[in-house]
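Here is the naming used below: chain letters follow the sequence lines, and residue numbers restart at 1 for every chain.
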There are 2 protein chains.
Amino acid sequence: MRLLPHPAAADIELTEVLRALSDPVRLAVVGRLAVRGEMSCSDAGDELGVHKSTASHHYRTLREAGVVLTKQEGRLHLMSLRRADLDARFPGLLDAVLTACSPWPSPVAEPCDQAP
Amino acid sequence: MRLLPHPAAADIELTEVLRALSDPVRLAVVGRLAVRGEMSCSDAGDELGVHKSTASHHYRTLREAGVVLTKQEGRLHLMSLRRADLDARFPGLLDAVLTACSPWPSPVAEPCDQAP
DNA sequence: CGTATAGTTGGATTGTTGTCAAACAATTAG
DNA sequence: CTAATTGTTTGACAACAATCCAACTATACG
């Protein structure tokens with residue numbers, strides 16, 4: 001099992017995280033990871049509407065921003081949110097984003113009472 | 001007193017807000033607005049290290065994303081954070097960002113002494 | 001009126017980003 | 001070994017973004 005290159009928790013930068021989260025495709029990936037936990041790239045990228053190389057590029061952006069952790073197991077690349085690191089560094093940020101972007105039954109917040 | 005064109009509260013998009021906040025210059029402006037409340041563009045852009053036209057571009061980006069409200073009074077353009085709109089649409093997001101980017105002690109909990 | 005102040009706009013430049021397609025690499029299944 | 005699966009990498013390209021400078025508008029001050 002190999003770990004891909006990641007920034008250390010202390011090196012995660014706010015602007016990088018915000019920028020990583022500011023793309024609809026990446027936001028969708030993050031939303032899925034929040035709901036389903038660790039996922040392979042192919043699962044995370046399913047029905048995303050972009051080419052697999054484009055998805056791969058987004059995965060790298062998320063990883064390099066410190067939003068997700070990616071480990072290689074066999075031929076799968078398993079991604080998961082760096083919740084603890086993000087919460088420690090930017091308290092409440094990830095939860096707020098997930099609450100704001102979630103069209104799925106949310107693990108992080110109460111169900112939406114009013115549709116936007 | 002004129003109001004510049006803004007998106008309606010309901011039309012503020014998460015990705016647009018995150019993108020607007022993902023630039024260091026704009027984040028600095030937002031941080032100042034959070035601490036000092038309504039400010040003119042020249043005050044907000046003071047010591048920012050960019051040309052005034054560049055700052056102006058950033059103001060427009062913030063305004064068009066729905067992060068700030070800009071009204072024209074005389075020859076001043078007064079900017080303020082759209083706190084209520086942002087909190088209603090993305091609860092906790094702005095506070096989390098301000099907490100994360102703030103070099104000052106608790107600027108978020110501090111009530112404005114000079115309300116508009 | 002003329003001049004200073006506050007800010008926007010347009011052009012130019014330089015760099016970044018999102019996208020696809022094709023090729024590649026690594027692991028697993030037959 | 002061969003073929004399928006699972007992604008990454010590279011190249012190309014158009015769109016966007018950040019920056020500066022110069023010119024411009026609009027208001028205020030003498």
Would you mind reading off the distance between A/Leu27 atom CG and C/dT17 atom P, rounded to a whole angstrom?
17 Å
Salt bridge between A/Glu73 and A/Arg2, side-chain N to carboxylate O under 4.0 Å?
no
Show the distances under 3.5 angstrom between N or O atoms of the protein and N or O atoms of nucleotides 8-12 of chain C.
| residue | atom | partner | partner atom | Å |
| --- | --- | --- | --- | --- |
| C/dT8 | OP1 | B/His77 | ND1 | 3.3 |
| C/dT8 | OP2 | B/Ser56 | OG | 2.3 |
| C/dT8 | O5' | B/Ser56 | OG | 3.1 |

For atom CD of B/Glu64 and atom P of D/dC16, their distance in whole Å:
13 Å
In whole angstrom, give the distance that lies between atom CG of A/Asp46 and atom C1' of D/dG7.
14 Å
Within the structure, does a side-chain N or O atom of A/Arg75 lie under 4.0 Å from either OP1 or OP2 of C/dA29?
no
Donor-acceptor contact present, side-chain B/Ser56 to main-chain B/Ser53, <3.5 Å
no
For A/Glu64, does the CD atom have more than 12 heavy-atom neighbours from other residues, nucleotides or ligands under 6.0 Å away?
yes
Nearest whole angstrom, please: distance from the P of C/dT5 to the CG of B/Asp43.
15 Å
Between the main-chain N or O of A/Pro5 and the side-chain N or O of A/Arg63, is there a donor-acceptor pair closer than 3.5 Å?
yes
Nearest-Å distance, NZ (A/Lys71) to C1' (D/dT8)?
20 Å
Check the phosphate of D/dG7 against A/Ser40, side-chain N and O only, distance under 4.0 Å to OP1 or OP2. Yes or no?
yes
Closest nucleotide of DNA chain C for A/Gln72 versus for A/Asp23: which of these residues is on the 5' side?
A/Asp23
Whole-Å distance between C/dT28 C1' and A/Glu73 CD?
14 Å
Check this for me: does any side-chain nitrogen of one of B/Asp46 and B/Lys52 sit under 4.0 Å from a carboxylate oxygen of the other?
no
Less than 4.0 angstrom between a side-chain N/O of B/Arg19 and OP1 or OP2 of C/dT16, yes or no?
no
A/Asp87 bridged to A/Arg82 by N-O distance under 4.0 Å
no
Do B/His6 side-chain atoms and B/Leu4 backbone N/O form a donor-acceptor pair below 3.5 Å?
yes
Write down the distance between CG (A/Leu78) and C1' (D/dT5), rounded to a whole number of angstrom.
14 Å
In whole angstrom, what separates B/Leu76's CG from C/dT5's P?
13 Å
